Amino acid sequence: MHISEGVLSPPLLIAGAAITVVGTWIGLRKTRPKEVPLMAVLTSAFFVASLIHVPIGPSSVHLVLNGLIGLLLGFGAFPSILIALLLQALFFQFGGILVLGVNCTNMALPAIFVYILFKKYCESEKRIHRLVSGFLSGSLSIFLSTLLVAICLYLTGENFTAAAKTIVYAHLPVMIIEGLITAACIDFIYRVKPEMLKIDEIGAKNEI
Amino acid sequence: MLQETFCSGNSIFHRADPRIKIILLVLYIFAIVLNNSIISVLILFVFSLIFVCLSKVSIWMVFKRLFVVNTFVLFLWFFLPFSTPGETVFTIYKLKASMEGITEALLITIKANGAILAIITYVSTTTIPMIGHALYKLGVSQNLVLLFLLTYRYLDVIFDEFSRMYNAAIIRNFIPKTNIHTYKTISYMVAMVLIRAYERGKRIYEAMLLRGFNGKFSSLQQLKLTKNDLLISYLTLFSIVLSFVPQYICYLR
């Protein structure tokens, strides 16, 4: 899902960087130094989760969990994903530096989208609501992310269309797995530590 | 588990000021992205290789990294030659590979690899805390830098926590397969790691507060510009200017 450096055209890179700057600014605006350690440890947890490989048939996929990041952190998803991607670029050279904005936008916009759509159902008392909304946020965020990647490739040139379509199809199984895992995680967190679903409200209130 | 493979060493790149390195890297990658002729991009790629040699990092490790990174590029190679209209070079099962498509795929390959080599020489030769410090000095918001540094600090801790849990599951005969049981187990492990991270995050803030944390970011390391920094700046700017020469010549004709 990481687009490599040198594929996209400069206007796209600038657009991605601009969206990332604005998103990160919004995400950090309400965050005080007090909440930074909490966000940081959760970001490293998501980074570690993205190293987990889940078996699917003869192959395996690694988790992305941007839907879960969105549901837990809300608008904090932008800075969190930005830092995770930056560390990936520095540690493993995945993605790149100039393309960071585009990659971050592709992952974080869907996260915020599912946060706005499904957050209130995740805190519902009915288990079925939590499971269904968790599944939908997990799979929808992956679908939208791949769609954004495909759109970026398509905007680069007509001849990228075949590659763009393949990316979307190849991620259909990932969508299902991400949906299942996000649903189970949300349900588990609701039962074990319900106050954790309120982190996205930090900054709005005075106490964590 | 997470090692900064390239950051230990002593070369002109390791000794350089991280602020200068970040600025130069951005300029250099801009040059790679903006150039669209094979010759210009090749010039930059050759310079990237020279920089890698100058930075004295393990060439073997660098090639191992390049191999992993090239999966996305390889993926494009399966499509671009066949989906770009143009002069046919060869045919596989009615699929015509065009010269233009191959050229474009080649261009992307050189660009991507040149950029990766540049990232390795410019920033992967710096420790992450130094990068954070440099970003702060370059005007990145304090909260973001703090987020960056603390995330880096707790990666290993959280990874250990997850490994411990995963090993415990393996010892109890957990065999990952394609079934609901596997997905459920893995998601409960992920959720548990998140919950522990949440609790740890709160404890960390309290511990930081006890040690006098006031929301400010400070570092003991002083950043100074030296002749060394001038040297790598000249080298980089020279390579960037040189890469634009072929285009300029074409323009004159």
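Just so we're on the same page: letters track the sequence lines, and every chain starts at 1. Values in this document were obtained by computation on a predicted structure and should not be read as measured data.
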Spatial distance of atom [atom1] ([X]) from atom [atom2] ([Y]) [nearest 0.5 Å]:
X: B:Leu117; Y: A:Gln93; atom1: CG; atom2: CD; result: 9.5 Å
X: A:Ser4; Y: B:Asn70; atom1: OG; atom2: CG; result: 7.5 Å
X: A:Ser44; Y: B:Leu155; atom1: OG; atom2: CG; result: 5.0 Å
X: B:Asn143; Y: A:Thr24; atom1: CG; atom2: OG1; result: 12.0 Å
X: B:Met192; Y: A:Lys193; atom1: CE; atom2: NZ; result: 8.5 Å
X: A:Ile177; Y: B:Ser187; atom1: CD1; atom2: OG; result: 11.0 Å

Please identify, among [options], the residue contributing the most non-hydrogen atom pairs under 4.5 Å to chain B.
options: A:Leu87, A:Leu180, A:Leu153; value: A:Leu87
options: A:Cys185, A:Ala163, A:Ala184; value: A:Ala163
options: A:Leu86, A:Ile189, A:Leu90; value: A:Leu90
options: A:Ile83, A:Leu8, A:Val54, A:Ile97; value: A:Ile83
options: A:Val192, A:Val7, A:Thr166; value: A:Thr166

Contacting region of [X] [heavy-atom separation from chain A under 4.5 Å]:
X: B:Phe75; answer: side chain
X: B:Glu161; answer: neither
X: B:Ile131; answer: side chain
X: B:Ser141; answer: side chain
X: B:Tyr154; answer: both
X: B:Phe162; answer: side chain
X: B:Gln142; answer: neither
X: B:Ile128; answer: side chain

Quick one: closest heavy-atom pair of [X] and [Y], and the distance?
X: B:Tyr183; Y: A:Pro55; answer: OH-O, 3.0 Å
X: B:Ile119; Y: A:Ala89; answer: CG2-O, 4.2 Å
X: B:Tyr198; Y: A:Leu42; answer: N-CD2, 4.2 Å
X: B:Ile116; Y: A:Gly95; answer: CD1-O, 3.8 Å
X: A:Pro79; Y: B:Leu144; answer: CB-CD1, 4.1 Å
X: A:Met196; Y: B:Leu194; answer: CE-O, 3.4 Å

Relative to chain A, which of [options] shows the most heavy atom pairs under 4.5 Å?
options: B:Val193, B:Ile32, B:Leu76; result: B:Leu76
options: B:Leu34, B:Leu80, B:Val41; result: B:Leu80
options: B:Ala118, B:Pro176, B:Gly101, B:Ala115; result: B:Pro176
options: B:Arg200, B:Glu199, B:Lys184, B:Met208; result: B:Glu199
options: B:Ile186, B:Val73, B:Leu66; result: B:Ile186
options: B:Val123, B:Thr182, B:Ile180, B:Ile120; result: B:Ile120

Item to check | Heavy-atom side-chain proximity of B:Glu104 to A:Phe160 below 4.5 angstrom | outcome: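 Counting from C-beta outward, B:Glu104 and A:Phe160 do come under 4.5 Å.
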Region of [X] that comes under 4.5 Å of a non-hydrogen atom in chain B:
X: A:Arg29; value: neither
X: A:Glu195; value: both
X: A:Ala84; value: neither
X: A:Leu68; value: side chain

[X], [atom1]: over 12 other non-hydrogen atoms inside 6.0 angstrom:
X: B:Phe30; atom1: CZ; value: no
X: A:Phe188; atom1: CZ; value: yes
X: A:Lys119; atom1: NZ; value: yes
X: A:Tyr154; atom1: OH; value: no
X: A:Tyr121; atom1: OH; value: no

Item to check | Steps toward side chain to side chain contact (heavy atoms under 4.5 Å, CB included) verdict (B:Tyr152, A:Phe47) | outcome: CA-CA 10 Å; B:Tyr152 164 73; A:Phe47 186 99; over 6 Å; no
Checklist entry - Which is it for B:Phe82 and A:Asn159 under the side chain to side chain contact (heavy atoms under 4.5 Å, CB included) test, yes or no, and what are the steps along the way? => result CA-CA 9 Å; B:Phe82 307 105; A:Asn159 47 349; over 6 Å; no
